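Working notes for the structure below.
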2 protein chains.
Amino acid sequence: MALKTLSAKAAAALDKELMSTGAFSIDQLMELAGLSVSQAVYRVHPIEKGKRVLVAVGPGNNGGDGLVAARHLRHYGYQPSVYYPKRPKNDLYQRLAKQLEDLNIPFVDDFPTALQSTDHIVDAIFGFSFSGEVREPFPAVIQAMSETKLTVTSVDAPSSWDIEDGPPKSGVGSDFHPSVLVSLTAPKPLVKHFRGRHFVGGRFVAPEIARKYDFEVPEYEGIDQVVEIGPGGQKL
Amino acid sequence: MALKTLSAKAAAALDKELMSTGAFSIDQLMELAGLSVSQAVYRVHPIEKGKRVLVAVGPGNNGGDGLVAARHLRHYGYQPSVYYPKRPKNDLYQRLAKQLEDLNIPFVDDFPTALQSTDHIVDAIFGFSFSGEVREPFPAVIQAMSETKLTVTSVDAPSSWDIEDGPPKSGVGSDFHPSVLVSLTAPKPLVKHFRGRHFVGGRFVAPEIARKYDFEVPEYEGIDQVVEIGPGGQKL
């Protein structure tokens with residue numbers, strides 16, 4: 001039996017509730033989400049497979065999770081580099097980027113070129129709030145991630161996929177099938193189209209909140225911040 | 001050779017720098033510090049040894065780390081309870097306490113009684129900014145922690161100890177020797193008087209900041225947020 005999924009609308013309402021009645025700050029939630037992503041990368045791409053990790057960062061919260069993951073990966077001994085073409089003025093994202101600069105993590109301008117000299121890719125471009133068209137400069141980035149033979153780990157959603165319906169029927173992203181997905185708090189409906197290794201992260205949801213939003217908190221092991229489940233959300 | 005220690009003054013300056021030029025928010029740092037503490041507890045007191053963990057929480061940042069640790073311990077499957085007699089109006093601490101209430105973590109009023117029905121104690125009363133006298137109601141708490149046969153894990157400093165000189169020569173705390181200490185970012189000078197299991201946590205310091213404050217970032221393993229070192233700070 002598969003874990004229940006969380007629609008885009010429910011995921012947005014859950015985030016709002018965690019930060020209001022749940023009393024979490026976005027700094028806290030993003031720290032724990034990004035930590036989850038870094039642990040999934042460590043699991044699927046141990047450091048012996050190659051230290052270089054290219055993190056593609058979008059303009060919203062999904063991108064923020066990617067910035068946090070890049071920092072933790074650096075502390076684990078990886079050599080992350082970050083592609084962050086659209087930097088919002090938002091104070092939190094600016095601070096997360098500064099934390100990376102202080103670790104001498106390079107920011108790269110040309111994604112397809114940077115992809116030629118990395119060992120792993122993290123796709124933190126768009127998350128559950130994405131819908132509609134992929135805007136510039138991201139079509140070429142998603143195209144490059146569709147064509148690469150490298151392992152791509154997507155954060156919460158393969159970027160360009162519709163949260164309910166999965167990959168677009170044509171155009172940018174229609175051929176994008178990342179090898180790894182880290183669903184945050186709960187899988188989204190798009191996982192029915194996903195075929196790779198699938199993790200759930202974000203170990204901060206109280207059971208009552210999960211009940212209210214009608215999803216299950218998976219059984220994490222020990223102190224892990226991620227748990228591996230089946231591609232479509234099945235328990236392993 | 002022992003890791004270099006960080007004086008109370010240097011630790012305060014480091015915290016200030018991390019939150020100004022370092023661009024960290026206190027939410028982030030406290031989340032990672034509390035996570036470190038929870039991982040050390042998991043290491044020294046695996047859940048099979050008994051699920052009940054009593055967390056003694058002081059009025060400042062050390063207490064905040066304890067609140068975060070209690071939340072993570074709950075998610076790991078422990079049954080924490082929290083003694084939090086002096087609750088400041090500070091928004092962050094109120095939110096961290098609310099997060100525990102939402103997990104149905106009990107807050108207890110009588111520490112010596114609560115201590116009779118727990119398996120492990122976390123001492124998050126005072127940290128590196130403590131000096132002088134132990135104020136009410138904490139003398140009886142420290143006395144109870146001095147007398148118990150249970151394992152006590154202290155956060156950053158055994159509460160009541162002078163950060164430079166260690167245990168007070170007489171009175172409250174002079175007999176307090178916790179079994180476990182989690183030094184945050186770097187050991188404090190008091191560790192020369194400590195004889196138990198010693199961990200360093202707080203895996204977020206950039207090497208340049210550590211150089212500036214003349215301490216070493218220890219070699220953490222894998223994705224661990226703590227590393228065990230010798231009682232006085234020796235590398236193991």
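Just so you know, these numbers come straight off a predicted model, no measurement behind them. Residue numbers start from 1 in every chain, and the chains themselves are labelled A, B, ... in the order their sequence lines are given, proteins ahead of strands.
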Does any part of the side chain of A/H72, heavy atoms only, come nearer than 4.5 Å to the side chain of B/F204, both counted from C-beta?
no

Sub-4.5 Å heavy-atom contacts with chain A: which residues of residues 12-38 of chain B show up?
B/T21, B/G22, B/A23, B/F24, B/S25, B/D27, B/Q28, B/E31, B/L32, B/L35

With a 4.5 Å heavy-atom cut-off (strictly below), which parts of residues 79-95 of chain B touch chain A? List them by number.
B/R95

Approximate separation, where rounding is to 0.5 Å, of A/Q225 CD and B/I223 CD1
8.5 Å

Rounding to 0.5 Å, atoms CZ (B/R74) and CZ (A/R203) come to a distance of 10.0 Å

Toward chain B, the part of [X] with a non-hydrogen atom under 4.5 Å:
{"X": "A/L96", "answer": "side chain"}
{"X": "A/N104", "answer": "side chain"}
{"X": "A/E101", "answer": "neither"}

Check each atom of B/V205 against the heavy atoms of chain A and say whether the ones under 4.5 Å are side chain, backbone, both or neither.
backbone

Is chain A contacted by the side chain of B/Y76, its backbone, both, or neither, given a heavy-atom distance below 4.5 Å?
both

So, for B/D102 and A/A206, which heavy atoms are closest and what is the spacing to 0.1 Å?
O-CB, 3.6 Å

Taking atom NZ of A/K9 as the centre, report whether more than 12 heavy atoms of other residues, nucleotides or ligands fall under 6.0 Å from it.
no

